[in-house]
Amino acid sequence: MRVSCLMLVTLRDDPAEAEIPSHKLLIRAGYIRRLGPGIYAYLPLLWRVLQKISAIVRQEMDATGALETLLPQLQPADLWQRSGRWAGYTAGEGIMFHLRDRHGRELGLGPTHEEVITALAADLLRSYRQLSVNLYQIQTKFRDEIRPRFGLMRGREFIMKDAYSFHANEGSLRKTYAAMDSAYRRIFRRCGLRTVAVEADSGAIGGSASQEFMVTADAGEDLILTSSDGSYAANQERAVSLAPEAIALPGGLRAAGAGELLATPGQTTIEQLSAAHGFDPSQLVKVLLLLARFEAGLRQPLLVCLRGDQQLNAVKLANAVSARLAPQHGVLLGIEPLSRELASELASKEGLQLDLDAIPLGYLGPDLEDAVLAQPKISLGLDPSAASSGTATGGAARAAAPLPAAAPHLARSFLRLTDPTAAELAAFVAGANKLDQHRLGASWKGLKLQPEIVDLRAAQPGDRCQHDPSQTLAAARGIEVGHIFQLGRKYSEAMQARFTNEAGAEESLWMGCYGIGVSRLAQAAVEQNHDADGIRWPLAIAPFEVIVVSASAQDPIQVQLAEQLYQRLRDAGIDALLDDRDERAGVKFKDADLIGIPWRLVVGRGAAQGQVELVGRSDRQRRDLAVEAAVAALLDLIPPARCGLQ
RNA sequence: CGGGGCGUGGCGCAGCUUGGUAGCGCGGGUGCUUUGGGAGCACUAGGUCGCAGGUUCGAAUCCUGUCGCCCCGACCA
């Protein structure tokens, strides 16, 4: 390709829209253009990069026996209703773009393809003899992100490789999961990325085991925690660790563990309490009042206890709450702090009466009685079954007959969950459930409580590791470029995807799914490979492998030699670019550095003597070589570097 | 959704406080000179100052509304 024909438009100034280096560089170097928030055009240069990444992904996926396919992006709502995700994806997080066609049928633009593929599998896979299979596709996904940002990093339209495997048993799923794990490691290595594999939360996709592949970079949106020996790495959403030892409460239990009242006027935060009375935060029990909203209308108040010095991990909480109530009440739509604002919003929007004046915010103790949620005289929508009894229907049954959108109703008892750090305290300080008063020297037994214990605390950098307390966790930022899941039978059961096993019995398929953010990966590669002058593409995914530059466009000898070299390299199968523009040398050099072609072959002053200059973009090493030697060097260096595995 | 910021030639910005009919740098075009790290000179094209109201003799500038974009946050009161 000739630069004169490339529609290359580079910018001298940083664009105002971009914040992080990779985003600025991709725009400045002419790789992308923004059309709207989170919507980008992939210009010809970037398209070449994406094609190269895709080729690597294909090679590695095909090598594992996976089958490439292409699935619809326009997906009927009933598919998503059958899996139980329509409400969560449209109403709750609202991550799915959805629309009505001219007949009033609801459709979603695919943010992922579990539903589509499972419906196909249900149709096509009938016998254990057909298993296992792993189908993948590389295509555009749509997600209505709350806040798109950083260019291709979090776009509303992006390119993803997603794969879905189907198995007759869990062992087979594990095998494919392991194969995907190693294929992913090869893919990222071949793309020139430094990644770390971390334990991850399964999030909205669901399922059991899952692992994320993170490109380590300061601009990463995820916080990852790793042990010093590297044997443990997890997303902070998921990470576990040992909390620091609590400092025993001086004086221990009071009033046989019921605690003595302590006047604490205006002291509603852990900090204020500690400062006023000399407590260590680890001597306090922090009680959080939250409200969980469910698809089928349930509004469930939560009372969450943590040790005062610990932080809540919202993802762990959502998982715990969901596990307890989602089977009866549909998808968990969200959890919010139960404030006066929220209470008045509940009253005005959903007609639910909740009298927060009965609840002394800032002075809550773990023994806060359900009576505070008691129904006021006039109230609507009481559901006596919520939270306590409830009809126990299985997930499959629920999915087969989607829950009708029920009117919002408020549970009148708390779902109480306690983190071990709080549960293990022998004597603590907690709110007295009375304004301006706390209890000193209370205990769980003394308060006549049997806490339901769930890991809810956020692991922090510096915490000791569970697998080896002599090690501590360190934090790093990461960009998630890949995620693999063992889904199990969640979707196959919901969508009735069954096969006949060897014994002739019907069984639900075992599933796995495996994603790579292809367009995000391209930007992550820039984030990890750039310098003050521009991008430094790893050769395996660079849009071109070498750029031939004649220093002077006026010197016919140079121009001719550059032309010859360009032809020879192309004939030898090298992805060569020829900068044939009538520009000064400086302009061409700057552009070559900015767009980041790994090798630059300069035809300059020495052209008449058959001397050229070969410059490496990454290490900036320059070597003066005879023409033949330069060509030989490139033919020697480039082909082996292509697979990215040296 | 909450908070903050910004909308002025293709791009990056100034002008707004103190109203008087729009400017700088880059980029584009033409010509001459220059030619190994984003050249110089000259000429030139290109803007209903996001949009809609209002105040005023007069609005990019003041007021109101509206739309769009960017940043931070949206879990511990």
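In what follows, chains are A, B, ... by sequence order, proteins preceding strands, each numbered from 1.
Across all strands shown, B/C62 forms a Watson-Crick or G-U wobble pair, both distances under 3.5 Å, with B/G54. Searching all strands for a Watson-Crick or G-U wobble partner of B/U18 with both distances below 3.5 Å returns nothing. Across all strands shown, B/C6 is found opposite B/G68 as a Watson-Crick or G-U wobble partner, with both distances under 3.5 Å. Remark: B/C41 base-pairs with B/G31; criterion is Watson-Crick or G-U wobble with both hydrogen-bond distances under 3.5 Å. In this structure, B/G12 and B/C24 make a Watson-Crick or G-U wobble pair, each of the two defining distances being under 3.5 angstrom. Base pairing annotation: B/G73 forms a Watson-Crick or G-U wobble pair with B/C1, both donor-acceptor distances under 3.5 Å.
Comparing B/G38, B/G25, B/G36 by their closest approach to the side chain of A/Asp13 singles out B/G25. If you check B/A77, B/G36, B/C75 against the side chain of A/Arg622, the one that comes closest is B/G36. In this structure, the nucleotide among B/G37, B/C70, B/G36 sitting nearest to the side chain of A/Pro37 is B/C70. Closest to the A/Arg28 side chain, of the nucleotides B/G37, B/C75, B/G38, is B/G38. Side-chain proximity of A/Arg12 to the nucleotides B/G36, B/C69, B/G27 is greatest for B/G27.
Residue A/Gly362 is out of contact with every strand shown, counting any heavy-atom pair closer than 4.0 Å. Residue-level contact check: A/Arg33 touches neither bases nor backbone, having no heavy atom under 4.0 Å from any strand. Across all strands, A/Ile270 comes closer than 4.0 Å to no nucleic acid atom at all (heavy-atom distances). Counting non-hydrogen atoms under 4.0 angstrom, A/Leu306 reaches nothing in the nucleic acid. Nucleic acid contact for A/Ala16: sugar-phosphate only, since backbone atoms but no base atoms lie under 4.0 Å from a heavy atom of the residue. Residue contacts for A/Leu289: at a heavy-atom cut-off of 4.0 Å it reaches a base atom on one of the strands shown.
Atom P of B/C63 sits at a distance of 15 Å from the matching atom of B/G20, rounded to the whole Å. Comparing B/A14 with B/G25, their P atoms sit 15 Å apart, to the nearest whole Å. Across the C1' atoms, B/U55 and B/C13 are found 30 Å apart, a figure rounded to whole Å. Spacing between B/G2 and B/C62 at atom C1', rounded to whole Å, works out to 29 Å. The C1' atoms of B/C26 and B/C67 are separated by 29 Å, rounded to the nearest whole Å. A distance of about 11 Å separates the C1' atoms of B/U30 and B/A45, rounded to the whole Å. Taking the P atom of each, B/G27 and B/U21 are spaced 30 Å apart, rounded to whole Å. Taking atom P in both B/G54 and B/A60, the straight-line distance is 15 Å, to the nearest Å.
At distances below 3.5 Å, not a single donor-acceptor pair connects side-chain atoms of A/Glu145 with backbone N or O atoms of A/Arg154. A donor-acceptor distance shorter than 3.5 angstrom exists from the side chain of A/Arg464 to the backbone of A/Ala243, with no hydrogens or angles considered. Between the side chain of A/Gln236 and the backbone N or O of A/Ala459 there is at least one donor-acceptor pair closer than 3.5 Å. Judged by distance alone, with hydrogens and angles left aside, the side-chain atoms of A/Asp580 form a donor-acceptor pair with the main-chain N or O of A/Ser4 at under 3.5 Å. In terms of modelled atom types and a separation under 3.5 Å, the side chain of A/Tyr363 and the main chain of A/Gln267 share a donor-acceptor contact.
Remark: A/Arg584, A/Ala585, A/Gly586, A/Val587, A/Phe589, A/Lys590, A/Asp591 in residues 584-591 of chain A come within less than 4.0 Å of RNA chain B through at least one heavy atom. The stretch residues 453-464 of chain A has no heavy atom under 4.0 Å from RNA chain B, so no residue of it qualifies as close.
For a distance-only test at 3.5 Å, the side chain of A/Asp593 qualifies as a donor-acceptor partner of the base of B/G37. Looking at A/Glu613, its side chain comes within 3.5 Å of the base of B/G36 through a donor and an acceptor atom. Checked by distance alone, A/Arg581 brings no side-chain donor or acceptor within 3.5 Å of a matching partner on the base of B/G38.
Each of A/Leu625, A/Val549, A/Leu569, A/Val615 was checked for a side-chain contact (heavy atoms from CB on, under 4.5 Å) with A/Leu601, and the lone residue meeting it is A/Leu569. Of the candidates A/Asp367, A/Leu302, A/Leu303, A/Arg416 forms a side-chain contact (heavy atoms from CB on, under 4.5 Å) with just one, namely A/Leu303.
Nucleotide B/A77 holds its P atom 14 Å from the CG atom of A/Leu338, rounded to whole Å. Rounded to whole angstrom, the span from the CG atom of A/Asp14 across to the C1' atom of B/C70 amounts to 15 Å. The distance between atom CG of A/Leu594 and atom P of B/G38, rounded to the nearest whole Å, is 14 Å. Between A/Leu8 atom CG and B/G27 atom P the separation is 14 Å, expressed in whole Å. Distance A/Glu583 CD to B/G28 P: 8 Å, rounded to the nearest Å. Summarising the geometry, the separation between CD1 on A/Ile95 and P on B/A74 is reported as 16 Å, rounded to the nearest angstrom. A/Ile27 places its CD1 atom 13 Å from the C1' atom of B/C69, with the value rounded to the nearest Å. A/Asp579 has its CG atom 15 Å from the P atom of B/G37, to the nearest Å.
Open room surrounds CG on A/Asp218; 12 or fewer heavy atoms of other groups in view lie less than 6.0 Å from it. The environment of CD in A/Glu221 is crowded: more than 12 heavy-atom neighbours from other residues, nucleotides or ligands sit within 6.0 Å. Heavy atoms from other residues, nucleotides or ligands lying under 6.0 Å from CD of A/Glu17 number more than 12. In this structure, A/Ile557 places its CD1 atom where only 12 or fewer heavy-atom neighbours from other residues, nucleotides or ligands lie under 6.0 Å away.
Between A/Phe428 and A/Trp444, the ring planes are tilted. Angles from 30° to 60° get that label.
Applying the 4.0 Å criterion to OP1 and OP2 of B/C70, one finds that A/Arg149 has every side-chain N and O outside that range.
A/Glu212 and A/Asn235 form a side-chain donor-acceptor contact under 3.5 Å, judged by distance and modelled atom types alone.
Nearest-nucleotide mapping onto RNA chain B: of A/Arg605 and A/Leu312, the residue sitting toward the 5' end is A/Arg605. If A/Ala314 and A/Arg600 are placed on RNA chain B by their nearest nucleotide, the residue sitting closer to the 5' end is A/Arg600.
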